[in-house]
Chemist: 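Okay, here's the structure, questions in a sec.
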Amino acid sequence: MQILDRRLNPSGRSLPNRQRFLRRAKSLVQEAVRDASAKRDIRSADEGGEVSIPLHGIREPSFHHGSGGSRDHVLPGNKEYREGDEIQRPPSGGGGGGSEGSPEGGGEDAFRFVLTREEFLSLFLDDLELPDLAKRRLVEGADPAWHRAGYSVAGTPSNLSLARTMRNSLSRRIALKRPKPEAVAALEAEIAALEGQPGSEEQVAKLKAELAIQLRRSQRIPWIDPIDVRYRRFEPVPRPVARAVMFCLMDVSGSMTEDMKDLAKRFYTLLYIFLQRRYKHVDIVFIRHTHEAAEVDEQTFFHSRETGGTLVSTALEEMRKVVADRYPPTEWNIYAAQASDGDNAAGDSQRTARLLIDEVLPACQYYAYIEVGRDGEHGMPGFPRGPTDLWRTYEQLVSAGAPMAMKKVRNRRDIFPVFRELFAKRGLLEEAKA
C-alpha cells in the first residue's frame, strides 16, 4: 500500500518546515500579527496577509571553534606584511566606503512572509477566550463519542480482535482435545525408531492406529473456526459539550452618530469573528434598542436605521425574556456585550441598575460594556467631557463588586486593544496587571 500526500504546501514551501518555523518564532509572529491587525479595516480583519519580523528573531544557535591559544598566521594574497609585523590602526574616516548608516545605529532588514487566513486567525486569537466557559450538558445532535462496548461475532476486518480470536480458538481446541503438532511429531518419531526392530510389530501397529486417530482428529477440528472470530464493538455515547450564548446589545437611538455606530459595529464584527473561530456551539443574539428594544437578525442589527430616545432598561428586559424563553442559565454559558454612547433617560438609571443586579448579572458569567465616542475628539466635537449617566451607573455597580467590565472606545485604533483586554485569558490578564 502506498500513501500519497497531495496537500498543497502554502506558497510553495514545505508545510512541516513552515509549521515548525511558526512554532519557533510564535511570540514574534504574534506581535507582528497584532501590529498588522491594528492597521486593518474590520472587513479585512480575518484575512491573511504579509507580516514582517526582525531578522534577529529567526537566528538559530550554532557551535563553532573558538580562537583559543596563541597562533601566528599570514593571510593569503598578502604582499605588504611579513610574520611578526604589526598593522597600524587606519586614520579617522578610513576603512570601508559604504553609505551612511542608520541614524539610530540599529539598521537591519526585516524578514517578510505571507500568512494564510487560518494561520493569521490562529495567531491573532490564540490568547483570547470566553471566561468561565464551564457549564456542560448532553446536547441532541452533537457529535457522539465512540466507546468500547465488548465484542461481537460480526464486524469489519479493521475491528478484528486477534487476541480474543486466538484465545477462543485455543479454548475450543483444548476442550475438543485436538492433538498438538508436537504430539503428532513425537508419535511419528517413535514409529520410525521402532520399525525394523524384531518383535516390535504389534507395538508399531498400535502406534500407527493411534497416529491415524490423531491425524483424523486434527483434520476434523480446525485451527481457527468461524465461531472463534471476535470483533471489537463500539457504541456511540453522547458526550456533554459546553454551550455558550453571546448577547450583543447596542444603542441605536438618535444620540448615536454614524461614527459611534461604526465603532460599535466594528467591535461586534470582531466579536463575531472571534466566536465563530473559537467555539463550535455558540449562539449569538442581537438586541438593539432606542426607547424600546427588540431582538433582530444580524443584517438588521448592523445596517438598519432607527430614531428615538434612549431607555437602556428595555434592552436588559428583552435580554431577560430571551434568557427565560430559550437559554436557561443552568444549561448555558451566558455572556453579554453592550455598546452605547452613555446616554440614558434620567428616570431609567435606577431601573437599569436593578435589572442588572437582580436579573441579568446573576445569569451571566461575563458582562462587558463599551462606551463609544464621548470625549469630543476624533471628529466628534460638541459632546460633553466627563463620565456619562450610564457610565456613572455602571461604575457604581463595579465598585460594589458586580461581575462586569467597562471600557471606553474613542477611535478605530482603540477597538483591537479594548477587545483583547476584555477577552484576554485570565492568567495573561493577571500577569499584565501585576
Chemist: Looking only at the side chains, is there a donor atom on one of Asp348 and Ser313 sitting less than 3.5 Å from an acceptor on the other?
Modeler: yes
Chemist: Can you confirm whether or not the ring centre of Tyr367 sits under 6.0 Å from the ring centre of Phe247?
Modeler: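 Ring-ring flag for Tyr367/Phe247: false, centres at least 6.0 Å apart.
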Chemist: Does the side chain of Arg173 pick up a donor-acceptor pair with the side chain of Ser169 at under 3.5 Å?
Modeler: yes
Chemist: Between Thr300 and Asp297, is a side-chain contact (heavy atoms from CB on, under 4.5 Å) present by the stated rule, with each step listed?
Modeler: CA-CA 5 Å; Thr300 305; Asp297 56 20; 2.6 Å; yes
Chemist: Please assess Arg172 against Asp228 for the test salt bridge (charged side-chain N to carboxylate O under 4.0 Å, His left out), listing each intermediate value before the final yes or no.
Modeler: CA-CA 8 Å; Arg172 179 184 52 79; Asp228 302 330; 2.9 Å; yes
Chemist: Go through the steps to decide whether Tyr327 and Asp283 satisfy the test side chain to side chain donor-acceptor pair (under 3.5 Å), and finish with yes or no.
Modeler: CA-CA 10 Å; Tyr327 302 104; Asp283 286 356; 3.3 Å; yes
Chemist: Please report the interatomic distance CG(Leu249) to CZ(Arg288), rounded to the nearest 0.5 Å.
Modeler: 12.0 Å
Chemist: Side chains of Thr165 and Asn168 only: does a donor on one sit below 3.5 Å from an acceptor on the other?
Modeler: no
Chemist: Parallel, tilted or perpendicular: which one describes the rings of Tyr394 and Tyr369, with boundaries at 30° and 60°?
Modeler: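 If you compare the ring of Tyr394 with that of Tyr369, the planes turn out perpendicular.
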Chemist: May I ask you to decide whether Glu395 forms a salt bridge with Arg392, counting only side-chain N to carboxylate O separations under 4.0 Å?
Modeler: no
Chemist: Any Lys/Arg nitrogen of Arg233 or Glu235 sitting under 4.0 Å from an Asp/Glu carboxylate oxygen of the other?
Modeler: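 A salt bridge is present here (some side-chain N lies under 4.0 Å from a carboxylate O).
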Chemist: In terms of relative ring orientation, are Phe301 and Tyr268 parallel, tilted or perpendicular, with 30° and 60° separating the classes?
Modeler: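 If you compare the ring of Phe301 with that of Tyr268, the planes turn out perpendicular.
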Chemist: Using 4.0 Å as the upper bound for N to carboxylate O, is an ion pair formed by Lys407 and Glu371?
Modeler: no
Chemist: Can you confirm whether Ile370 sits close enough to Gln338 that some side-chain heavy atom of one is under 4.5 Å from a side-chain heavy atom of the other?
Modeler: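 A side-chain contact under 4.5 Å is absent here.
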Chemist: Quick one: closest heavy-atom pair of Gln214 and Pro179, and the distance?
Modeler: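 Of all heavy-atom pairs spanning Gln214 and Pro179, the closest is OE1-CB, 2.8 Å.
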Chemist: So which heavy atom on Ala402 is nearest to which on Ile357, and how close?
Modeler: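 The answer is CB-CD1, 4.4 Å.
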Chemist: Using 0.5 Å steps for rounding, measure from the OG1 atom of Thr310 to the CG atom of Asp341.
Modeler: 6.0 Å
Chemist: Using side-chain heavy atoms (C-beta onward) and a distance below 4.5 Å, is His289 in contact with Asp251?
Modeler: yes
Chemist: What I'd like to find out is whether the side chain of Asn344 reaches to under 4.5 Å of the side chain of Ser349, using heavy atoms alone.
Modeler: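 SC-SC contact between Asn344 and Ser349 confirmed.
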Chemist: Taking the side chain as every heavy atom from C-beta outward, state whether Val285 and Glu295 have any pair of such atoms under 4.5 Å apart.
Modeler: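 Side-chain contact under 4.5 Å: yes.
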Chemist: Tell me, with the steps shown, if Val245 and Ile284 meet side-chain contact (heavy atoms from CB on, under 4.5 Å).
Modeler: CA-CA 6 Å; Val245 55; Ile284 302 181; over 6 Å; no
Chemist: Are Tyr231 and Arg164 packed together at the side-chain level, in the sense that at least one heavy-atom pair is separated by less than 4.5 angstrom?
Modeler: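 SC-SC contact between Tyr231 and Arg164 ruled out.
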Chemist: So do the side chains of Tyr366 and Pro403 get within less than 4.5 Å of each other, counting heavy atoms only?
Modeler: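 In short, these two side chains do not touch, never coming nearer than 4.5 Å.
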Chemist: If you measure only the distance, is there a donor-acceptor pair under 3.5 Å linking the side chains of Ser253 and Thr290?
Modeler: no
Chemist: Can you measure from CG (Asn159) to CZ (Arg230) and round to the nearest 0.5 angstrom?
Modeler: 14.5 Å
Chemist: Does the side chain of Arg354 come within less than 4.5 Å of Gln350's, by heavy atoms?
Modeler: no
Chemist: For the residue pair Ser158 and Arg232, what are the closest heavy atoms and their distance?
Modeler: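 Looking at all heavy atoms of both residues, the closest pair is O-NH2, 3.4 Å.
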Chemist: Out of curiosity, Met250 CE to Ile287 CD1, how far, rounded to the nearest 0.5 Å?
Modeler: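 The CD1 atom of Ile287 is 12.0 Å from CE of Met250, to the nearest 0.5 Å.
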Chemist: Got a second to check how far Leu311's CG is from Asp343's CG, nearest 0.5 Å?
Modeler: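 The distance works out to 11.5 Å.
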Chemist: Return the OG to CE distance between Ser340 and Met260, rounded to the nearest 0.5 Å.
Modeler: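 Going from OG on Ser340 over to CE on Met260, the span is 9.0 Å.
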Chemist: I'd like to know if Glu331 and Arg326 make a salt bridge, using a cut-off of under 4.0 Å between side-chain N and carboxylate O.
Modeler: no
Chemist: Please name the pair of heavy atoms, one in Met246 and one in Ala336, separated by the smallest distance, quoted to 0.1 Å.
Modeler: CE-C, 3.9 Å
Chemist: Could you check whether any side-chain heavy atom of Met319 comes within less than 4.5 Å of a side-chain heavy atom of Cys364, counting everything from C-beta outward?
Modeler: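 Touching, per the 4.5 Å side-chain cut-off.
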